[in-house]
Amino acid sequence: MRPYGDTTGDGMVQTSFTLPVPPGPRAEGAALQLAHKMGIEPAMVVHSHGIGEGFTFFVVYGSVKHLVDLDAVHVEVRAYPLLSPGEVNAAIKTRMRRSLVVLGACIGTDAHTVGIDAILNLKGFAGEKGLEYYREMQVANLGAQVSVPELVHAARARRADAVLVSQVVTQKDAHLRNTRELAGAFREAMGEARPLLVVGGPRFDPAMAAELGVDKVFGRGTTPGEVASYLVHALVPEEEPL
Amino acid sequence: MRPYGDTTGDGMVQTSFTLPVPPGPRAEGAALQLAHKMGIEPAMVVHSHGIGEGFTFFVVYGSVKHLVDLDAVHVEVRAYPLLSPGEVNAAIKTRMRRSLVVLGACIGTDAHTVGIDAILNLKGFAGEKGLEYYREMQVANLGAQVSVPELVHAARARRADAVLVSQVVTQKDAHLRNTRELAGAFREAMGEARPLLVVGGPRFDPAMAAELGVDKVFGRGTTPGEVASYLVHALVPEEEPL
Amino acid sequence: MTVLELDGELVRRARELAERAAAPVVDLARTHTTVSVERAVLRLAGLTGTDPVLGDGEVPWVNRVVDAVRDQVGLEHGVALPVWHALGGGGSLQELAEQVGAGTARFSIPADPEPARAAARAAVATGIARIDANRARRDELVALHGDPPRRPWIYLIVATGDIYEDIPQAQAAARAGADVIAVIRSTGQSLLDYVPEGATRTGYAGTYATGENFRLMRAALDDVGAELGRYVRLTNYASGLCMPEIAVLAGLERLDMMLNDAMYGILFRDINPRRTFVDQRFSRMVHARAGIIINTGEDNYLTTADAVDEAHTVTVSQLLNETLAHEAGLEDWQLGLGHAFEINPAVPESFRLELAHALLARGLFPDAPLKWMPPTKHMTGDVFGGYLLDGFFNLAGALTGQGILLVGMMTEAVVTPWLSDRDLALRNVRYVLEAAGNLHEDFAPPRGGFIDRRAHTVLTEAVQLLERIADHPQGLIQAIADGTFGITKRSPDGGKGLDGVARLAADAYNPAMELMERVDA
Amino acid sequence: MTVLELDGELVRRARELAERAAAPVVDLARTHTTVSVERAVLRLAGLTGTDPVLGDGEVPWVNRVVDAVRDQVGLEHGVALPVWHALGGGGSLQELAEQVGAGTARFSIPADPEPARAAARAAVATGIARIDANRARRDELVALHGDPPRRPWIYLIVATGDIYEDIPQAQAAARAGADVIAVIRSTGQSLLDYVPEGATRTGYAGTYATGENFRLMRAALDDVGAELGRYVRLTNYASGLCMPEIAVLAGLERLDMMLNDAMYGILFRDINPRRTFVDQRFSRMVHARAGIIINTGEDNYLTTADAVDEAHTVTVSQLLNETLAHEAGLEDWQLGLGHAFEINPAVPESFRLELAHALLARGLFPDAPLKWMPPTKHMTGDVFGGYLLDGFFNLAGALTGQGILLVGMMTEAVVTPWLSDRDLALRNVRYVLEAAGNLHEDFAPPRGGFIDRRAHTVLTEAVQLLERIADHPQGLIQAIADGTFGITKRSPDGGKGLDGVARLAADAYNPAMELMERVDA
Ligand code: B12
Ligand code: B12
Ligand SMILES: Cc1ncc(COP(=O)(O)O)c(C=O)c1O
Ligand SMILES: Cc1ncc(COP(=O)(O)O)c(C=O)c1O
């Protein structure tokens, strides 16, 4: 399988970038070189213009030689069923027999709360109610700019089953650094007894959970229902306790 | 040297493409796979939407790992000086002692004449007059949709020194095919005695002359003065005849 | 809808002059026929297929028969009399064609033309009946599924060269909101003096116009129209050397719009002017009958000429196209007169100049569904800037009440549109129309203001140019020779296809003309 | 310029209610001081540098001194009396600070405050004089190089986190047409209760606001301004826990605009409301004196609240910001009141709704250089759609006469702006302003039409909300606790920094206040 411009298999892609060289034939040559290294062959520099003194912006079109191997695509297939709020409540109630304690926050200096609010607050997201709506969950949203030690402390104090953390600012990989710090701090403070760690944000790659030391990563466009269903899957025993 | 987003060396590029798969996690995975194959690592699928039944469009941002090696950039450095119309005329007059005969056309079924007109017609392009303005040139513009045999015939009949051909339509590489046909026909009909063959058009890569069997290829944004200077360089003897 | 109050006297004078300027051309068309007009007659009578023996089997029987008639008795009587006279002893057109292939057919002009006339009329009437039935069917489908909910209609092109790639792309476009699909043609087709046959997959930058391709796409769009509950219109090109025949095929396959300009072929394909005007009139009569909306090509001038300096040539051409179309029987609702958003975006006030030009056209042709073409010439490889410019084009269309909005593509300067280009372009249109589609309620260019003044300047220049054209005995034909349109000069005797034109003899007979003129649709 | 005729009675009532609603807050600010206000006094008197011994050497001397005073005598008298009393025996502020560092400084309230007052006044006056000189210098440079040739001014952000990357990017932006450069701040800075020192290279998604960074960028923009023959304005943020000090640094380094909102820190950084209102008033007095234009932050509400439903909260906040700014001495030309193009583009008529909101603000504040913010919330990774939306934002800015146009970035939803994003964004602005910048001449929303009705609906809702706020004894502070703005609730005693607030004693003395109140600029 290849990208599709207007004919099956044509491999056509568009790309744009800036190189730190002044405009001119050398710059165009450099852009073509990069395009070739990206596997675009033939590549057409269809537009370029200088930016400031020593930069040139390019638009390149062309055909990538790479094949996409769909079989090799590793998809985080949802390993758990999508439940309705009623089902989530029922599962917690019958199989856990106490409420599920969920703690949410934005850590580091990140003040973007809209994402975590979308998951937690009653109002919810994309037509789905947030976790506060779930009768069997006990949700506390600590808001933004919460430090990791504060969060560990709160998790302990409230005996949180799950800690949900949002990270939206990604410049210089701040989100990755903060997540690693989070995982490290919980490991150190609570070891095996640590709560389930769930992070989310628009620029996360859901495949990175293990690498970051957390249990689950949610990306762009996550809905509260998905999160609730995951929490049931991860925290609620399969069977009713005897 | 690497692409520049907002920090030296960050390698940031933007790309977009369509894959023939319906939207969903598998599609996103496929897009990431392609991005990785293009050397974008980490890659972020920042947007995707379905098109019709079985296609998904993606916008991907990320950092390419490739380095651009400026030293390896092969630039068609202009091997000849850029001359003013006065200098061109003087060179032809004193060193050739007859007018230079130039024949222009659009071959194949291509009817885009604006490009060749820009080079040949008095009016010119980008503030430079076209070759018709040069006193020492004898220019005939045959217009569009000229067949290769007609062109060979005309070149012979007028004893053309140079034949200038424009190709704008590039779908299915029509321009490359037509250029090869042109070169072949002239070689066959006239052998070594063939006129100088110059092709141009917005999607040509100037580095392809040899491969296409012509003497020179001009791309996007060519000006008449560049072409005139090249013609002097290629056709007018270095020294005045004794 | 925002309208400019145009100077009524100037408008009246412009129309009168256009009629005068076009008169010599109408006269020419009435007194001549062409090989393609005659082939169109045979197509209406049901002759299809190609001669399998000649070349690679690509020459249609209609060409073979018309050429044979011309060789034997000349074209000046039309082919109907000699052909149906030859058929007098019975046998089908198809059989006669095979005799032509075998070299055994003999043609002559009958002494008593009546039997041949009657037979020809009856044969051609079956084709006309099919066209009429298609028109009725279109009305039915529109009644059933409904028309697009709003103006302008969204018009999109497909251009893969392969009808089987075109079809899914066209369907995707319709699903994404296109009201009209145009299949643009392969680069070479207009200079072919025959219409290719069958389903084709080998066009360059466009797909061949063939009866079968028409049929396939029509069926595909009917399917998607039913699915969407909205009649999706299909467009192709009645232009080039086979304009009359393609018009007939369009009528037979229920196309809804056809690109059909009085001068496009002359200027941009170097087709002989006489040939064009004769073919033109016949094709327009077919369109009139078929209830097809024509799209004229004034937009093209602005790709070679400057959109500010030559704005008045667009107006002149629109007036000429109008008068010629009326003469051929087309009604105002069928006149998709062309104009375009082609002013260099670097020109100060470029957007307001565009609005002035667009409002002028709107004001001059209040009942015509103007065809509003997107920027092409000043599109560059900067696809971001191009996407923005297309957005402003869409806005201008909405502000000035255009009827048919040809959707601009961000890759205009790069490639024929990709699937994704079309989809992004439709998103652009949707945003603009939904967010600002009613902005015209707040748009009120003041009298004597920049826009009003500009519109009147252009109109005045148009009248001055029309005066010059009308004063010349050859009228329009001379103006074309002078390079008036698209700064391209074409002489009356130059260009392709002149040898296919014949002056009609006194006894000439064309049953299609007769039928179409008799019952004006 | 297009204006809406607003209902005069409604407007008058809105202003009166805003004044009433703000009164408790003004009262609060007049009767309290904060650690940052006091540190600002020391900064005006010339105290700089950090304690090299503490932590990593990042704690400024002004913090050390104010903390020491607070520990020893409390903050309620202000620091001026104890500090200049301690200096009575001679010695510099710097030396005193070092004594604080060494733990040897002793502070007390003098029985006769006059000598300390006089000394403090003289010291602080040198800082005020530098601010005055900067203001004069700005006027000189503007006279020399000239102001931007047109409205709106083009405002661009840089955000690399590294002042040495910011500088070339800012210069490139100025060369490409930016009139105003804003250096946005690192995510963490607003919660720091000190101002970092020196040139910094380690911010996240923004660069630290420090005196040295201000100086470096100011010099770089002066250079490029001279090169371009156009005074290029510099903007930063007087917000967060150090608002008063940053305002002082801005005055000392000749910044031209400062983000400075009455409520932003409360709502979006969870800073204590009392702390904010006290800091706010002082910082605005500094801005008034320095001839700095403030930019308020109403746009931010629309990132958390819906831009249609909560449009009236923007209006209410603008009116409150206006009344608070006037009280602090700012003039109308200094009020860059914020609003934004944040309506979901999928909402029908979204563009016309935006126009209505923008015209309402324009009509309410005819002499304020409104700050028009681009779409952010509904920007997605579809950078093409985003580029188009930004174009329509630019058009709305031009149609409604906005004063300061914050340039939108197509990568809004993706990354902090790249060099190329900024360049493309400026191309977008240039196209729109050059092509359609005068379209307002043709733009005349009719009385009683969609736009007029919408504007009046919002104004009416604003008055209703103001009535509710004014009726409450705590006024604005209560409204904030109720979640009126940006659907975010903040209680009067919650949030960061409350412990840095002190009620002023009868003998309190603040020489900066005195000097700034005396000579109203
Ligand atoms: C709203 C907004 C703000 C508001 C925030 C208000 C608030 N209370 O949250 C305000 C105006 C205050 C703001 C300020 C700043 N912002 Co801001 N902001 C945005 C904006 C416009 C929208 C973000 C948003 O609300 N999205 C909607 C929510 C619903 O989507 P979401 O966050 O992706 O969440 C979804 C999923 O990701 C997921 N999810 C998210 N978190 C979690 C957590 C869990 C546990 C789970 C399961 C799921 C999950 O589920 C959600 C629902 O699907 C974006 C641009 C954009 N269009 O994206 C910039 C943006 C995020 N901001 C940015 C920046 C840089 C800033 C500032 C730092 C700028 C500055 N220096 O002044 C400041 C400071 C903020 C700080 N200290 O963090 C950058 C970040 C760049 C980067 N990639 O690093 C962006 C991308 C803009 C840009 N291009 O520069 N911002
Ligand atoms: C104007 C135009 C037309 C006009 C042409 C009028 C005319 N007399 O030339 C009209 C309206 C007739 C037209 C028709 C068609 N067009 Co057209 N057209 C364009 C358009 C808008 C501009 C081209 C142009 O004039 N550029 C300006 C000139 C000055 O630039 P230039 O050609 O690059 O020339 C410069 C250099 O390249 C160089 N150069 C060029 N030739 C030569 C030769 C020599 C010897 C030298 C030295 C230099 C040189 O020097 C010139 C000056 O710098 C482009 C889109 C675009 N914005 O680029 C589409 C475009 C070229 N057309 C296109 C197509 C497909 C068609 C059609 C085939 C569509 C159809 N099926 O109906 C038709 C048929 C034409 C045919 N048979 O060839 C496609 C080609 C796609 C592709 N890459 O294959 C384009 C890119 C549009 C698109 N995206 O679909 N078109
Ligand atoms: C009026 C008109 N006719 C015909 C065509 C198509 O050209 P061709 O006939 O070469 O397919 C166009 C192209 O845009 C046109 O505008
Ligand atoms: C009014 C106002 N103040 C301040 C800021 C910046 O936030 P911070 O103080 O966290 O740097 C913004 C951000 O956009 C703002 O709009």
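So that the names make sense, note that chain A is the first sequence line, chain B the second, and so on, each numbered from 1. Hydrogens, waters and symmetry mates are skipped; everything else that's a heavy atom, side chains included, is used.
No side-chain heavy atom of B/Leu196 sits under 4.5 Å from any side-chain heavy atom of B/Val163.
Contacts with chain A were tallied for B/Val59, B/Thr7, B/Val21; B/Val21 has the most, counting heavy-atom pairs under 4.5 Å. Taking B/Gly39, B/Gly29, B/Ser16, B/Ala27 one by one and counting their heavy-atom pairs under 4.5 Å with chain A, the maximum is reached by B/Ser16. Of all the listed residues (B/Thr18, B/Leu67, B/Asp173), the one sharing the greatest number of non-hydrogen pairs under 4.5 Å with chain A is B/Thr18. Chain B forms more heavy-atom pairs under 4.5 Å with one residue of A/Asp205, A/Val68, A/Thr170 than with any other, namely A/Val68. Put simply, of B/Ile40, B/Leu70, B/Thr8, B/Asp6, the one with the most heavy-atom pairs under 4.5 Å next to chain A is B/Leu70. The most heavy-atom pairs under 4.5 Å with chain A, out of B/His66, B/Met44, B/Glu28, come from B/His66.
For a residue to count as touching a neighbouring chain, one of its non-hydrogen atoms must lie under 4.5 Å from one of that chain's; by this rule B/Gln14 touches chain A with backbone and side chain alike. Residue contact with chain B, scored on non-hydrogen atoms closer than 4.5 Å, involves the backbone of A/Met12 exclusively. Interface remark: B/Val46 contributes backbone and side-chain atoms alike to the contact with chain A (heavy atom separation under 4.5 Å). Neither the backbone nor the side chain of A/Ala43 has a heavy atom closer than 4.5 Å to any heavy atom of chain B. The contact between B/Val64 and chain A is made entirely by side chain atoms (from C-beta outward), counting heavy-atom distances below 4.5 Å. In this structure, chain A has heavy atoms under 4.5 Å from both the backbone and the side chain of B/Asp69. When heavy atoms are compared at a cutoff of 4.5 Å, A/Arg26 approaches chain B by way of both its backbone and its side chain. Interface remark: B/Val45 contributes backbone and side-chain atoms alike to the contact with chain A (heavy atom separation under 4.5 Å). When heavy atoms are compared at a cutoff of 4.5 Å, A/Ser63 does not approach chain B at all. Of the atoms belonging to A/Phe55, it is side-chain heavy atoms, and not backbone ones, that fall under 4.5 Å from chain B.
Residue A/Pro224 comes nearest to A/Leu131 through the heavy atom pair O-CD2, 3.8 Å, listed as atom of the first residue, atom of the second, then distance. Nearest heavy atom pair, residue B/Arg2 against residue A/Pro20, reads O-CD, 3.3 Å. Across all non-hydrogen atoms, the minimal contact from A/Val102 to A/Leu120 is CG1-CD2, 4.3 Å. When all heavy atoms of A/Ala31 and A/Leu19 are compared, the pair lying nearest together is N-CD1, 3.8 Å.
Distance CG/B/Leu100 to OH/B/Tyr134: 11.5 Å, rounded to 0.5 Å. Distance check: A/Glu226 CD to A/Lys216 NZ gives 9.0 Å after rounding to the nearest 0.5 Å.
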Derivation of the ring-ring contact (aromatic ring centres under 6.0 Å, His included) call for A/Phe204 and A/His175: CA-CA 8 Å; A/Phe204 275 113; A/His175 60 315; 5.0 Å; yes

Worked verdict on B/Asp110 versus B/Asn178 for side-chain hydrogen bond (donor to acceptor under 3.5 Å, both in side chains): CA-CA 10 Å; B/Asp110 198 328; B/Asn178 288 340; over 6 Å; no

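Atom NZ of A/Lys65 has more than 12 heavy atoms from other residues, nucleotides or ligands within 6.0 Å.
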